[in-house]
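A short worksheet on the structure shown next.
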Amino acid sequence: MAQPLRALIVEDEPLAARRLAELLKKQDSPVEVVGTAESVAAAEAFLQTLQPGPDVLFLDIHLADGLSFELFERQEVKCPVIFTTAYDRYALRAFKVNSVDYLLKPIDPEELAAALVKLRSLRATPAAPAFDAGLLAEMLRQAQPSTSYKTRFVVRVGEHLKAIPTEQIAYFFSLEKATLLQTKENRRFVVDYTLEQLENLLDPRHFFRLNRAYLAHADAIQDIIHYTNSRLQTVLRPASSDEAVLVSRERVAAFKAWLDR
(Lines give C-alpha, C1' and ligand atoms only; values in the text may rest on other atoms or scores of the structure.)
Protein backbone atom coordinates (compact mmCIF):
# COMPACT_ATOMS: atom_id res chain seq x y z
CA MET A 1 0.00 0.00 0.00
CA ALA A 2 1.30 3.45 -0.89
CA GLN A 3 2.62 5.61 1.90
CA PRO A 4 0.15 8.35 2.87
CA LEU A 5 0.85 11.79 1.55
CA ARG A 6 1.53 14.14 4.46
CA ALA A 7 -0.39 17.39 3.99
CA LEU A 8 -0.20 20.74 5.77
CA ILE A 9 -3.35 22.87 5.43
CA VAL A 10 -2.90 26.64 5.59
CA GLU A 11 -6.35 28.21 5.83
CA ASP A 12 -7.72 31.01 8.05
CA GLU A 13 -11.36 29.91 7.80
CA PRO A 14 -11.90 27.00 10.26
CA LEU A 15 -14.92 25.66 8.36
CA ALA A 16 -13.01 25.63 5.08
CA ALA A 17 -10.05 23.89 6.76
CA ARG A 18 -12.29 21.22 8.25
CA ARG A 19 -14.09 20.66 4.95
CA LEU A 20 -10.78 20.23 3.10
CA ALA A 21 -9.53 17.81 5.77
CA GLU A 22 -12.73 15.77 5.38
CA LEU A 23 -12.34 15.69 1.60
CA LEU A 24 -8.75 14.49 1.98
CA LYS A 25 -9.86 11.67 4.29
CA LYS A 26 -12.28 10.45 1.62
CA GLN A 27 -9.62 10.07 -1.09
CA ASP A 28 -8.99 6.62 -2.55
CA SER A 29 -5.28 7.01 -1.81
CA PRO A 30 -4.41 8.00 1.75
CA VAL A 31 -3.71 11.62 2.69
CA GLU A 32 -2.64 12.42 6.25
CA VAL A 33 -3.20 15.97 7.53
CA VAL A 34 -0.19 16.67 9.75
CA GLY A 35 -1.24 20.15 10.78
CA THR A 36 -3.25 23.28 10.06
CA ALA A 37 -2.14 26.92 10.16
CA GLU A 38 -4.22 30.08 9.98
CA SER A 39 -1.53 32.61 9.05
CA VAL A 40 1.71 33.11 7.14
CA ALA A 41 3.63 33.19 10.43
CA ALA A 42 2.08 29.94 11.65
CA ALA A 43 2.77 28.23 8.32
CA GLU A 44 6.38 29.41 8.47
CA ALA A 45 6.75 27.96 11.97
CA PHE A 46 5.28 24.63 10.87
CA LEU A 47 7.64 24.34 7.90
CA GLN A 48 10.65 25.14 10.08
CA THR A 49 9.83 22.64 12.84
CA LEU A 50 7.84 19.84 11.19
CA GLN A 51 10.11 16.84 10.64
CA PRO A 52 9.88 15.28 8.21
CA GLY A 53 8.35 18.11 6.24
CA PRO A 54 4.98 17.78 4.51
CA ASP A 55 4.66 16.21 1.08
CA VAL A 56 2.20 18.87 -0.04
CA LEU A 57 1.04 22.27 1.15
CA PHE A 58 -2.62 23.22 0.70
CA LEU A 59 -2.37 26.98 0.71
CA ASP A 60 -5.11 29.58 0.86
CA ILE A 61 -4.07 32.99 -0.50
CA HIS A 62 -5.79 35.52 1.78
CA LEU A 63 -4.68 34.70 5.33
CA ALA A 64 -5.12 36.38 8.70
CA ASP A 65 -1.81 38.26 8.44
CA GLY A 66 -1.54 38.87 4.69
CA LEU A 67 -1.14 37.10 1.37
CA SER A 68 0.36 33.61 1.52
CA PHE A 69 2.85 34.53 -1.22
CA GLU A 70 4.84 36.17 1.61
CA LEU A 71 5.70 32.66 2.79
CA PHE A 72 7.89 32.13 -0.30
CA GLU A 73 9.70 35.39 0.41
CA ARG A 74 10.46 34.42 4.01
CA GLN A 75 11.87 30.94 3.38
CA GLU A 76 12.43 28.23 0.83
CA VAL A 77 9.33 26.08 0.41
CA LYS A 78 10.56 22.70 -0.76
CA CYS A 79 7.31 20.78 -0.98
CA PRO A 80 4.76 21.14 -3.81
CA VAL A 81 1.84 23.51 -3.29
CA ILE A 82 -1.83 23.20 -4.16
CA PHE A 83 -3.52 26.59 -3.86
CA THR A 84 -7.07 26.68 -2.51
CA THR A 85 -8.73 30.07 -2.85
CA ALA A 86 -11.89 31.95 -3.73
CA TYR A 87 -9.92 34.28 -6.00
CA ASP A 88 -8.99 33.37 -9.58
CA ARG A 89 -6.86 36.43 -10.25
CA TYR A 90 -3.72 34.99 -8.59
CA ALA A 91 -3.29 31.98 -10.90
CA LEU A 92 -0.41 33.47 -12.86
CA ARG A 93 1.39 34.49 -9.69
CA ALA A 94 0.91 30.96 -8.37
CA PHE A 95 2.62 29.70 -11.53
CA LYS A 96 5.84 31.41 -10.41
CA VAL A 97 6.15 29.25 -7.30
CA ASN A 98 6.19 25.47 -7.02
CA SER A 99 2.45 24.95 -7.31
CA VAL A 100 0.89 21.77 -8.66
CA ASP A 101 -2.65 23.07 -9.03
CA TYR A 102 -4.95 26.00 -8.27
CA LEU A 103 -8.36 25.04 -6.86
CA LEU A 104 -11.17 27.54 -6.54
CA LYS A 105 -13.50 27.44 -3.55
CA PRO A 106 -15.80 25.77 -2.88
CA ILE A 107 -13.43 22.94 -3.68
CA ASP A 108 -14.85 20.35 -6.02
CA PRO A 109 -14.02 16.78 -4.80
CA GLU A 110 -13.24 15.60 -8.34
CA GLU A 111 -10.88 18.54 -8.96
CA LEU A 112 -9.15 17.81 -5.66
CA ALA A 113 -8.73 14.16 -6.62
CA ALA A 114 -7.29 15.19 -10.01
CA ALA A 115 -4.82 17.54 -8.29
CA LEU A 116 -3.62 14.71 -6.05
CA VAL A 117 -3.20 12.41 -9.07
CA LYS A 118 -1.10 15.13 -10.69
CA LEU A 119 0.96 15.49 -7.51
CA ARG A 120 1.64 11.75 -7.27
CA SER A 121 2.63 11.68 -10.93
CA LEU A 122 5.20 14.41 -10.33
CA ARG A 123 6.52 12.61 -7.24
CA ALA A 124 6.90 9.40 -9.25
CA THR A 125 9.08 11.22 -11.80
CA PRO A 126 11.19 13.63 -9.71
CA ALA A 127 13.47 14.44 -12.63
CA ALA A 128 10.58 15.88 -14.60
CA PRO A 129 10.07 19.64 -14.47
CA ALA A 130 7.38 20.87 -12.07
CA PHE A 131 5.52 22.55 -14.91
CA ASP A 132 4.82 21.50 -18.47
CA ALA A 133 3.04 23.17 -21.35
CA GLY A 134 -0.28 21.58 -20.43
CA LEU A 135 -0.14 22.86 -16.87
CA LEU A 136 0.83 26.34 -18.05
CA ALA A 137 -2.13 26.36 -20.42
CA GLU A 138 -4.43 25.32 -17.59
CA MET A 139 -3.05 28.08 -15.34
CA LEU A 140 -3.62 30.63 -18.08
CA ARG A 141 -7.14 29.35 -18.59
CA GLN A 142 -7.91 29.68 -14.90
CA ALA A 143 -6.50 33.20 -14.87
CA GLN A 144 -9.13 34.35 -17.34
CA PRO A 145 -12.31 35.87 -15.93
CA SER A 146 -14.31 32.74 -16.68
CA THR A 147 -15.74 32.23 -13.21
CA SER A 148 -19.46 32.85 -13.27
CA TYR A 149 -20.75 35.06 -10.47
CA LYS A 150 -24.33 36.14 -9.82
CA THR A 151 -25.32 39.28 -11.68
CA ARG A 152 -28.77 39.75 -10.13
CA PHE A 153 -30.95 38.62 -7.25
CA VAL A 154 -34.69 37.95 -7.42
CA VAL A 155 -36.57 39.31 -4.40
CA ARG A 156 -40.21 39.40 -3.45
CA VAL A 157 -42.08 42.71 -3.24
CA GLY A 158 -45.58 41.99 -1.99
CA GLU A 159 -47.10 39.68 -4.60
CA HIS A 160 -44.48 40.59 -7.18
CA LEU A 161 -40.94 39.49 -7.98
CA LYS A 162 -38.19 41.99 -8.69
CA ALA A 163 -34.70 41.37 -10.11
CA ILE A 164 -31.98 43.52 -8.55
CA PRO A 165 -28.65 43.75 -10.41
CA THR A 166 -25.57 43.38 -8.23
CA GLU A 167 -24.46 46.86 -9.35
CA GLN A 168 -27.37 48.27 -7.32
CA ILE A 169 -26.47 46.38 -4.14
CA ALA A 170 -24.64 48.20 -1.35
CA TYR A 171 -24.28 45.31 1.08
CA PHE A 172 -25.82 42.20 2.60
CA PHE A 173 -26.27 41.73 6.33
CA SER A 174 -27.68 39.24 8.82
CA LEU A 175 -30.54 40.19 11.11
CA GLU A 176 -32.37 37.78 13.41
CA LYS A 177 -31.41 34.66 11.40
CA ALA A 178 -32.39 36.30 8.09
CA THR A 179 -30.16 37.69 5.35
CA LEU A 180 -31.08 41.08 3.96
CA LEU A 181 -30.02 42.81 0.77
CA GLN A 182 -29.49 46.58 1.10
CA THR A 183 -29.62 48.54 -2.15
CA LYS A 184 -27.76 51.76 -2.89
CA GLU A 185 -31.19 53.44 -2.99
CA ASN A 186 -31.69 52.46 0.67
CA ARG A 187 -34.22 49.66 0.16
CA ARG A 188 -34.05 46.30 1.93
CA PHE A 189 -35.16 42.86 0.81
CA VAL A 190 -34.88 39.40 2.30
CA VAL A 191 -32.84 36.91 0.24
CA ASP A 192 -32.75 33.12 0.55
CA TYR A 193 -28.99 32.84 0.99
CA THR A 194 -26.60 32.79 3.92
CA LEU A 195 -23.63 35.15 3.94
CA GLU A 196 -21.37 32.09 3.54
CA GLN A 197 -23.18 31.15 0.34
CA LEU A 198 -23.08 34.73 -0.92
CA GLU A 199 -19.29 34.85 -0.50
CA ASN A 200 -19.00 32.15 -3.16
CA LEU A 201 -21.71 33.58 -5.42
CA LEU A 202 -20.44 37.18 -5.59
CA ASP A 203 -17.44 38.54 -7.47
CA PRO A 204 -14.67 38.96 -4.83
CA ARG A 205 -13.28 41.90 -6.77
CA HIS A 206 -16.35 43.90 -5.71
CA PHE A 207 -17.64 42.31 -2.49
CA PHE A 208 -15.83 41.63 0.79
CA ARG A 209 -16.97 39.84 3.97
CA LEU A 210 -16.30 42.43 6.68
CA ASN A 211 -17.38 40.24 9.59
CA ARG A 212 -19.92 37.57 10.48
CA ALA A 213 -22.83 39.92 9.84
CA TYR A 214 -21.83 42.10 6.87
CA LEU A 215 -20.72 41.52 3.28
CA ALA A 216 -20.24 44.83 1.46
CA HIS A 217 -19.68 46.19 -2.04
CA ALA A 218 -16.60 48.36 -2.39
CA ASP A 219 -18.72 51.35 -3.44
CA ALA A 220 -20.70 51.15 -0.19
CA ILE A 221 -17.62 51.68 2.01
CA GLN A 222 -17.72 55.44 2.56
CA ASP A 223 -15.03 55.67 5.24
CA ILE A 224 -12.57 53.49 7.18
CA ILE A 225 -11.54 54.45 10.71
CA HIS A 226 -8.81 53.00 12.94
CA TYR A 227 -10.44 51.29 15.89
CA THR A 228 -9.03 49.74 19.07
CA ASN A 229 -6.56 46.84 19.03
CA SER A 230 -5.61 47.34 15.37
CA ARG A 231 -9.18 46.82 14.24
CA LEU A 232 -10.95 48.86 11.59
CA GLN A 233 -14.39 50.42 11.56
CA THR A 234 -16.22 50.96 8.29
CA VAL A 235 -18.84 53.59 7.57
CA LEU A 236 -21.32 52.21 5.07
CA ARG A 237 -23.53 54.06 2.62
CA PRO A 238 -26.51 53.87 3.06
CA ALA A 239 -26.01 53.88 6.83
CA SER A 240 -26.32 50.48 8.51
CA SER A 241 -28.56 49.61 11.42
CA ASP A 242 -25.53 48.88 13.60
CA GLU A 243 -23.68 51.76 15.18
CA ALA A 244 -20.29 50.34 14.22
CA VAL A 245 -19.55 47.87 11.45
CA LEU A 246 -16.11 46.54 12.36
CA VAL A 247 -13.78 44.48 10.21
CA SER A 248 -13.06 41.24 12.07
CA ARG A 249 -9.55 41.22 13.50
CA GLU A 250 -8.60 38.13 11.51
CA ARG A 251 -9.81 39.78 8.28
CA VAL A 252 -7.99 43.12 8.60
CA ALA A 253 -4.91 42.10 6.61
CA ALA A 254 -7.00 40.56 3.82
CA PHE A 255 -9.27 43.62 3.82
CA LYS A 256 -6.29 45.95 3.32
CA ALA A 257 -4.98 43.73 0.51
CA TRP A 258 -8.44 43.75 -1.11
CA LEU A 259 -8.61 47.54 -0.96
CA ASP A 260 -5.09 47.85 -2.40
CA ARG A 261 -5.54 45.34 -5.25
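Looking at heavy atoms from C-beta onward, L20 lies in side-chain contact with F58 at the 4.5 angstrom threshold. For the pair R74 and V40, the minimum side-chain heavy-atom distance is below 4.5 Å. Counting heavy atoms from C-beta outward, L195 and E199 have side chains that stay 4.5 Å or more apart. Side-chain atoms of V190 and T179, non-hydrogen and from C-beta on, never get closer than 4.5 Å to each other. Contact of the T36 side chain with the E11 side chain is not registered, since no non-hydrogen atoms from C-beta on lie closer than 4.5 Å. For the pair V33/L24, a side-chain contact is recorded, criterion being any heavy-atom separation below 4.5 Å from C-beta on. Under the 4.5 Å side-chain criterion, counting only non-hydrogen atoms from C-beta, L181 is not in contact with F173. Between L202 and F208 there is no side-chain heavy-atom pair separated by less than 4.5 Å.
Residues forming a side-chain contact (heavy atoms from CB on, under 4.5 Å) with E111 (at least two apart in sequence, or on another chain): L103, D108. When the side-chain hydrogen bond (donor to acceptor under 3.5 Å, both in side chains) test is applied to E38, no partner is found at least two apart in sequence or on another chain. The side-chain contact (heavy atoms from CB on, under 4.5 Å) test applied to N211 returns A213, Y214, V245, S248, not counting sequence neighbours. Looking at residues two or more places apart in sequence or on another chain, you find no side-chain hydrogen bond (donor to acceptor under 3.5 Å, both in side chains) involving Y171. Remark: A42 pairs with A37, S39 by the side-chain contact (heavy atoms from CB on, under 4.5 Å) rule, at least two apart or across chains. For D203, the side-chain hydrogen bond (donor to acceptor under 3.5 Å, both in side chains) criterion is met by R205, not counting sequence neighbours. Residues satisfying the side-chain hydrogen bond (donor to acceptor under 3.5 Å, both in side chains) test with D223, not counting sequence neighbours, are none. Remark: F153 pairs with F172, Y193 by the ring pair (Phe, Tyr, Trp, His ring centres under 6.0 Å) rule, at least two apart or across chains.
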Donor-acceptor pairs under 3.5 angstrom involving side-chain atoms of residues 154-164: please list them, not counting sequence neighbours.
| residue | atom | partner | partner atom | Å |
| --- | --- | --- | --- | --- |
| R156 | NE | G158 | O | 2.8 |

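Under the 4.5 Å side-chain heavy-atom criterion for Ile, Leu, Val, Met, Phe, Trp and Tyr, I9 and L5 are members of the same hydrophobic cluster. Linking Ile, Leu, Val, Met, Phe, Trp and Tyr residues whenever their side-chain heavy atoms come within less than 4.5 Å leaves I225 and V247 in two separate clusters.
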- Task: Decide yes or no on side chain to side chain contact (heavy atoms under 4.5 Å, CB included) for E32 and V34, but give the supporting numbers first.
- Result: CA-CA 6 Å; E32 176 189 0; V34 295; 4.0 Å; yes

- Trace of the side chain to side chain contact (heavy atoms under 4.5 Å, CB included) decision for F83 with V100: CA-CA 8 Å; F83 283 95; V100 171; over 6 Å; no

- Can you check side chain to side chain contact (heavy atoms under 4.5 Å, CB included) on H226 and L232, steps first, answer last? CA-CA 5 Å; H226 282 287; L232 298 175; 3.7 Å; yes

- Task: Take Q27 and L112 through the test side chain to side chain contact (heavy atoms under 4.5 Å, CB included) and record every step on the way to the result.
- Result: CA-CA 9 Å; Q27 296 300 309; L112 174 61; 3.8 Å; yes

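Between the CG atom in L50 and the CZ atom in R6 there is a gap of 5.0 Å [rounded to 0.5 Å]. For the atom pair L47 CG and K78 NZ, the distance stands at 11.0 Å (nearest 0.5 Å). The CD1 atom of I169 sits 9.0 Å away from atom NZ of K150, with the distance rounded to the nearest 0.5 Å. Rounded to the nearest 0.5 angstrom, L246 CG and L210 CG are separated by 9.5 Å. Distance check, rounded to the nearest 0.5 Å: CG of L175 to OG of S240 gives 11.5 Å. We find the CD1-OH distance between I61 and Y102 to be 4.0 Å, quoted to the nearest 0.5 Å.
A salt bridge (Lys or Arg N to Asp or Glu O under 4.0 Å) check over residues 225-236, counting only residues at least two apart or in different chains, returns nothing. Screening residues 15-26 for salt bridge (Lys or Arg N to Asp or Glu O under 4.0 Å), with sequence neighbours left out, gives E22-K25. Within the structure, salt bridge (Lys or Arg N to Asp or Glu O under 4.0 Å) contacts touching residues 171-198 (residues at least two apart or in different chains) are K184-D219, E196-R209.
Between the side chain of S121 and the backbone N or O of V117, no donor-acceptor pair lies under 3.5 Å. Of the possible donor and acceptor atoms, none in the side chain of D65 sits under 3.5 Å from a partner among the backbone N and O of A253. The main-chain N or O of A218 is never found under 3.5 Å from a side-chain atom of W258 such that the two would form a donor-acceptor pair. In this structure, the side chain of Q75 does not engage the main chain of L71 through any donor-acceptor pair within 3.5 Å.
A side chain to side chain contact (heavy atoms under 4.5 Å, CB included) with V10 is found for exactly one of L57, T84, V81, D60, namely L57.
The heavy-atom pair separating C79 from P54 by the smallest distance is CB-O, 3.3 Å. Minimum heavy-atom separation, L8 to G35: CD1-O, 3.3 Å. Taking each heavy atom of D55 and P4 in turn, the nearest pair found is OD2-O, 3.8 Å.
Counted within 6.0 Å of OH on Y227, heavy atoms from surrounding residues, nucleotides or ligands total 12 or fewer; the atom is thus considered open. Sparse packing is recorded around CZ of R152, with 12 or fewer heavy atoms of other residues, nucleotides or ligands lying under 6.0 Å away.
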